[in-house]
Asker: 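Sharing a structure, written as structure tokens. Questions coming.
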Protein chains: 2
Amino acid sequence: MGRVTLADVARRAGVSLASTSRALNGQVASAATVERVRRAADELGYIPDASARSLRLRRTGQLAFAVADIGNPVYVEMMREIESVVAAEGYRLVVSRTGDADATLDLVRDLNQGYVDGLILSPLRVTPALVEALEQTTVPTVVVGRLPEGARVDTVLADSEGGVALAVDHLIRTGARRIAFLNGPVDTTPGRFRQLGFREATADRTEVVTGEFHAEDFTIDAGYAAARVMLAADEWDAVIAVNDLVGIGILHAAHERGIAVPDELAVIGIDNTTLADVCHPGLTSVDLGAARRGHKAARLILARMEDGDLPPRAVRVAPSLHERGSTAALAGAARPGGPAAVPGSRRVR
Amino acid sequence: MGRVTLADVARRAGVSLASTSRALNGQVASAATVERVRRAADELGYIPDASARSLRLRRTGQLAFAVADIGNPVYVEMMREIESVVAAEGYRLVVSRTGDADATLDLVRDLNQGYVDGLILSPLRVTPALVEALEQTTVPTVVVGRLPEGARVDTVLADSEGGVALAVDHLIRTGARRIAFLNGPVDTTPGRFRQLGFREATADRTEVVTGEFHAEDFTIDAGYAAARVMLAADEWDAVIAVNDLVGIGILHAAHERGIAVPDELAVIGIDNTTLADVCHPGLTSVDLGAARRGHKAARLILARMEDGDLPPRAVRVAPSLHERGSTAALAGAARPGGPAAVPGSRRVR
DNA sequence: AACGGCTGTGGAAACGATTCCACTGGAAAC
DNA sequence: GTTTCCAGTGGAATCGTTTCCACAGCCGTT
């Protein structure tokens, strides 16, 4: 007693294969046929075969979401939202780790095996070869992150520059004058554009002194290590971290050196993850809208699959600053809670 | 110029379809044929079609990982490890949210569509219908979590009872006598067995007074809400939380009431997530080995797919306690760092 | 009565791969 | 010089669906 196939159902219902298929798929068929086929299918416990269907229909009902690190809270947030949107449309989600640039390229090439109907890709590093591969591939694709000007691919953009500008403005308004930026690897998309944002936002602020530092990775440990070096070298009023993890590394290093946050050093993270809410003091953080980016990316890929001829779109998600204990309060504003505040943060913009 | 199929390659190489397939798959074929076919395939940029392959081979190269909440850090950790193991064996990972019990059941039934070669399932609630469905299904399955005695399904178990016992022992050794357990929903697998563990571990400890409370969900917010109620009602020396998220909720509630942790109230979480390391004070936490469970589950499903006739196995992962600032130090042991300690924790067992 | 249109039907051809089976030709064994 | 064996080959079947196409009725219109 192996698989129950459509042929078995047809035999039992006493109609042809063609009519059976039509009856089950709501195509044209008489009421009597539909009834008999339904019954036969139920009695046999018929379940259509996904592979056969995919082969014939040229669609799999699957989408891929590919990121460098599945563990990063930002990608998790994004993935959760994507899963929720596409599952509602009947798609399954395949997750892949992209690893390095070569692996990403392989992944994009492998798409032509046709195991998914579309791809949402958030590449850490964008190479010309990758852009070309993306433009070549016949599988609908949406990139979360920045591509070179003119790339004919749908993208969802975080406003890194705007987000970092929010952070810089906030720090300056709270009185900071010596502001450092602790970046991650600068050859990555986030590294590059957050750095760019920092430079732009501080360019015509002649009153501030700036500095740039680099962590080897976007992790707490790497942030901590880089922060030790940074804090040993110079005195800063404030640091903007390339993300919350690095920001938390900074908090640890500051605590270790006996530097009081926010009084002696203000710290701002990026991504506004749960970690920022939970750490001590709460980490003021710029929300680049991971969940909303995920949502838009999902919508975009669905639209693209619907109509492949749409002109490429670039959707941008607005940033917002969430103020917590790691930065000084604005003059006149109530100081939020002090150390280990109750959860919740003030949304400033 | 549509898809390049195997037939195109065969035509170009001037050999039959059969020989072409054999040449590409390393089956018996002359060196000359292999050479010509390889060349033709390269020139045409041939990429085999995944659906056609699946249909013919009756295998998809995909595995499913299904959990209630993709966002929960524990599942993320598990998933990351699973992805890493199965990707190395050439499998893609499909993630699904199971949602409620009915959705889980649907998911298991849908497996018979054959869109994956195996399933790793971590159900929050186990119903008899689910167990039956799991035993019925022809798709190899591994359950992460406890099933009823005698279920013929491979399982990976966290040692909830042993883990909670570690927590209880630790608290008693540090002097706690009034110990509460703040559970999540008790009709779930983690809720049930962690509660059971608490009862067993405290049963013959006549010197301790115990109490049990419930949060509506396994989240920070729900933990906070339940902790407010709990702390308002009675005085406790220590609380064991059903997981780190709830534990952090307790820390917030305690801080809000001005209760000092750990001096007036010790708190222990479960899962030993990054959050426990980052929050303030650091949350002592029982590690139930999410990553290792993921690893073992992945190995188990691979073995099961290899040989479906193996007798069902139950693999157990040992717990360990990671001590941080939220519990008092043992007499004679150096107190770990004080508030906002540098990351890292002492592994006690 | 002839005709057009419309609904339902079944046979057979896809979709793109793998593999069974029968067959060839040349080398090895007697 | 026959026989045996075996590597290598191509035709055709197969996996389980969907859908094209031709055709059969039946109804309502001229």
Asker: Got a list of protein N/O to nucleotides 12-16 of chain C N/O distances below 3.5 Å?
Answerer:
unit_1	atom_1	unit_2	atom_2	d
C:dA14	N3	A:Arg56	NH1	2.8
C:dG16	OP1	A:Arg58	NH1	3.4

Asker: Verify, without hydrogens or angle tests, whether B:Glu81 (side chain) and B:His295 (backbone) share a donor-acceptor contact under 3.5 angstrom.
Answerer: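 Not at all, since once roles are kept as given, no pair shorter than 3.5 Å links the two residues.
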Asker: Spell out, as yes or no, whether a donor-acceptor pair under 3.5 Å connects the side chain of B:Gln113 to the backbone of A:Ile47.
Answerer: no
Asker: Please work out if A:Thr33 contacts a base, only the sugar-phosphate, or nothing of the nucleic acid, heavy-atom cut-off 4.0 Å.
Answerer: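 Contact class for A:Thr33: sugar-phosphate only.
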Asker: Please answer whether the main-chain N or O of B:Leu124 pairs with a side-chain N or O of B:Thr188 as donor and acceptor at a distance below 3.5 Å.
Answerer: no
Asker: Backbone N or O of A:Ser96 within a donor-acceptor pair of the A:Thr98 side chain at under 3.5 Å?
Answerer: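 Absent.
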Asker: Between atom CZ in A:Arg59 and atom P in D:dG16, what is the gap in whole Å?
Answerer: 21 Å
Asker: Quick one: CG on B:Leu157 to CZ on B:Arg146, what's the gap to the nearest 0.5 Å?
Answerer: 5.5 Å
Asker: Is there a donor-acceptor pair under 3.5 Å between the side chain of B:Asp117 and the backbone N or O of B:Leu63?
Answerer: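 No; zero donor-acceptor contacts below 3.5 Å.
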Asker: For DNA chain C, which residues in residues 19-31 of chain B have a heavy atom at a distance below 4.0 Å?
Answerer: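 Within residues 19-31 of chain B, the residues near DNA chain C are B:Ser21, B:Arg22, B:Asn25, B:Gln27.
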Asker: Does the B:Asp8 side chain pair with the main chain of B:Thr5, one donor and one acceptor, at a distance under 3.5 Å?
Answerer: yes
Asker: Is B:Arg58 salt-bridged to A:Asp49, cutoff N-O under 4.0 Å?
Answerer: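 Judged by the 4.0 Å cut-off on N to carboxylate O distance, B:Arg58 and A:Asp49 do form a salt bridge.
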Asker: Enumerate all atom pairs, one protein N or O and one N or O from nucleotides 24-28 of chain D, separated by less than 3.5 Å.
Answerer:
none

Asker: From A:Asn72 CG over to A:Met78 CE, what is the distance, rounded to the nearest 0.5 angstrom?
Answerer: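 Nearest 0.5 Å value for the CG-CE distance: 9.0 Å.
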Asker: Output yes when a side-chain donor or acceptor of B:Ser54 lies under 3.5 Å from a complementary backbone atom of B:Ala50, and no otherwise.
Answerer: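 It does hold such a pair.
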Asker: Could you let me know what C:dC30 is paired to, Watson-Crick or G-U wobble, both distances under 3.5 Å, or none if it's on its own?
Answerer: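 Because both required distances fall under 3.5 Å, C:dC30 counts as paired with D:dG1.
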